There are 2 protein chains.
Amino acid sequence: MDIRDVAALARVSIATVSRTINHVPTVDPALAARVWKAVNELNYLPNTQARALVSGHSRLIGLIVSEITNPFFPELIQEFEQAAVSRGYEVLIGSTNYEPKIMEICARRMLERKVDGVAVMTFGVEEFFLDRFAAEGIPYVFIDPAPSRPMSSVLAVDYLAGISEGVQHLAVLGHRNIAFISGPLIRRSSLSRKEAFLRCLHSIGLKPNPDWLIEGDHTLDGGRDAMKKILALPHWPSAVMCSNDMTAIGVQHALFDANLRIPDDFSLIGYDDIHLAEYTIPPLTTIRMSCRDLAIQAMENLLYHGHPKARSAQTLNDAAHSAAAPSQPFAKPDEPFATISTRLIVRRTTGLPHNALQDLRQAGPTKKMPPPSRRPSRPRGSIKP
Amino acid sequence: MDIRDVAALARVSIATVSRTINHVPTVDPALAARVWKAVNELNYLPNTQARALVSGHSRLIGLIVSEITNPFFPELIQEFEQAAVSRGYEVLIGSTNYEPKIMEICARRMLERKVDGVAVMTFGVEEFFLDRFAAEGIPYVFIDPAPSRPMSSVLAVDYLAGISEGVQHLAVLGHRNIAFISGPLIRRSSLSRKEAFLRCLHSIGLKPNPDWLIEGDHTLDGGRDAMKKILALPHWPSAVMCSNDMTAIGVQHALFDANLRIPDDFSLIGYDDIHLAEYTIPPLTTIRMSCRDLAIQAMENLLYHGHPKARSAQTLNDAAHSAAAPSQPFAKPDEPFATISTRLIVRRTTGLPHNALQDLRQAGPTKKMPPPSRRPSRPRGSIKP
DNA sequence: CCGGCCGACGTAAACGTTTTCTTCCGTTCA
DNA sequence: TGAACGGAAGAAAACGTTTACGTCGGCCGG
């Protein structure tokens, strides 16, 4: 069943059918009605391959992530899928698992399928595989601030805002000794987060202790190892900020293993606000980067870059069945590249610093607490200030 | 740059180029060499849309999952992606979020893109949207044992094996009172797991206590609520099996909230062995269903169903660059639909039952323990049998 | 009242492949 | 030696659209 059947049933030419389903405004309403009737009667769906072949646009968007099993990415993928589908696009997902060879295969897959754009959310460095996209005139966006290249653009994440909120939150609670576990510093986004942290520290008059600036690798194990390093130091910070949530969860494990409590012994802040952060024990205070903003910005960026007038294109679905109406506001054409906002989500891993708690305990009316020890036992049941 | 450029450079017809890159064996080796040389020189990639249009095969496989942010699915997606790419296919992912309306949109997307097959991994009931696939002659597979339909097949998961291992593991430890938190019983896979549990119980001479058979919903919150119900009962089981890992993690939270220890107070077994199970506190004993088996079986099933001879098709990539060679063994054509195996992964959430521990404590040489209470305090630091 | 113009619809070409059919050449057998 | 056959390469049709172009009709202005 193809466009010819529809044309025959509606007693028009195939050109008119094509124009109708593409919402060309010059079609006579009476004819259009006949066409739509035929379309619905036959349950006609246009052949996307043929469309793509002749129009030159596949309406396919590539999304390359570094590790789909890292909980941050599924949430991004979900938003991305919605952003794409609501605009009549389909998403091709590639997961590189940090391996350059797989990255190359991903790039090849995207090229073969003639994607209309690629979003590279890989926090990675293997960017040279992407030169081919520029050569083919395929736009692509980075989240990592990479050197500018033809056809590419970079999503502006406002790392500072959220981290600043976090540092100030800790400062208000009384923390002066704050550690930071970064991601791999070879990645620019990791570096950006670390620099934002240092700048915040400076801006409130605190000096960073180099011992408390650990380089992690954005994995749970990396976070655990980093925290173990900190615990091996003679002097401890009272709070730890992490470059992502998986690192923070690793820190939670390290503290659990060391029989230390959160937030009584250490305050902890993550980054990303992955779904899971809400469900750790205790729930993780963290900085949220809006996946939705990120996905929408990436999509708009790609579409705008490629075809300035193609935005808000309607699909057959939208018109015929009024399904999947874009629920998110579109960025204005004139200023399409807003920054992606971040903000602090306060949960249960931040509290008063240890020494403040000591004071409270000693001042407490009911009972005298044991002297603070490096390895306090776990008398659960609330010392609430 | 298209096939004509290659043909011109290699001084052959486009038909010969086509035959060469498709590995038609009748091509003269000398000509083939010229063609491959031209292909590499020009960095030629065939246009997938054109290929699909004329051949009728999009080399696109749909994968519909219920919730991409549920950690089980990214792991499945990863395996699926690999299984597909290594066979020269691309994956189109749709996440329904349990909403029938989105399921319908997913189905429509897949139909529009003319997928060669659909894997429905949604554990869901909205199957009637899929009739259209049968009507279009598109094969699809279920993981949920659904009533057989034309063009559809069902993946045979050996639920019994893993659950049996789990129950026996508990029995050997001395557990006689085992609860089971199921998934929504409207889903057949949930029902299968529950029935497998009951059968195992019966086979080792244990009787199920109806109070300890709770229906959950496969979410963390559902697991927490279910465990709270159990804790509200006058008599407690000594071990809990869960229908999936998220439920088990919810149970961990409930027990943490109730100040109870795992595995000292309760043993716990999950199901799925999601990535995260390894990193919960303590690491979760669980039953692994091989995502890889599942993905490979689904792919083979779809390809076999559609085109018995199409299996192990070679792609341009494979031949020209010898990339992405399938590392997994292919199922034999004669018996393509093996069952998907499950097995127990023992970690740290299973141990001797409470009363056995009591005995051990009382018999212990060093010190006398306080009498067992319903809400033991948390003296961390090792009562090791 | 007639000519030109504009707008709507249909015809046909184009998109880049695969695949069928045809052609041509070489080989083999009568 | 010639005819039939087989195999390999080229010519051309086909896939289902979009879109440039042509055509026809109607309307408006001269």
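What you are looking at is a predicted structure, and each value in this text was computed from that prediction instead of being measured. Naming convention: chains lettered A, B, ... in sequence-line order (proteins, then strands); numbering from 1 in each chain.
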dT18(D) OP1/OP2 closer than 4.0 Å to side-chain N/O of N22(A): yes

Rounded distance (Å) that lies between atom C1' of dC21(D) and atom CD1 of I14(A): 15 Å

Quick one: which of dT18(C), dA9(D), dT18(D) gets closest to the side chain of V27(B)? dA9(D)

S13(B) has a side chain; which of dA9(D), dG16(C), dG10(D) sits nearest to it? dG10(D)

Determine whether a donor-acceptor pair (N or O, by modelled atom type, separation under 3.5 Å) exists between the side chain of S95(B) and the backbone of I68(B). yes

Does R132(B) use its side chain to pair, donor to acceptor, with the backbone of R108(B) at less than 3.5 Å? no

Quick check on DNA chain C: between A50(B) and R19(B), whose nearest nucleotide comes earlier from the 5' end? A50(B)

Nearest-Å distance, CD1 (I3(A)) to P (dG10(C))? 12 Å

Grab the CG-P distance between D2(A) and dC15(D) for me, whole Å please. 8 Å

Length of the line joining L45(A):CG and dT17(D):P, which is rounded to integer Å: 10 Å

In whole angstrom, what separates D5(A)'s CG from dC15(D)'s P? 12 Å

So does Y44(B) get a side-chain nitrogen or oxygen closer than 4.0 Å to the phosphate oxygens (OP1/OP2) of dG16(C)? no

May I ask you to verify if any side-chain N or O of S18(B) is less than 4.0 angstrom from the OP1 or OP2 atom of dT18(C)? yes

For a quick test of reading the model: is some side-chain N or O of T16(B) closer than 4.0 Å to OP1 or OP2 of dG10(D)? yes

Exam field: side chain R59(B) to backbone G88(B), donor-acceptor pair closer than 3.5 Å: yes

Five-pair end axes of the helix from dC1(C)-dG30(D) to dA30(C)-dT1(D) and the angle they enclose, rounded to 10°: 50°

5' precedence on DNA chain C between N47(B) and D28(A) (nearest-nucleotide basis): D28(A)

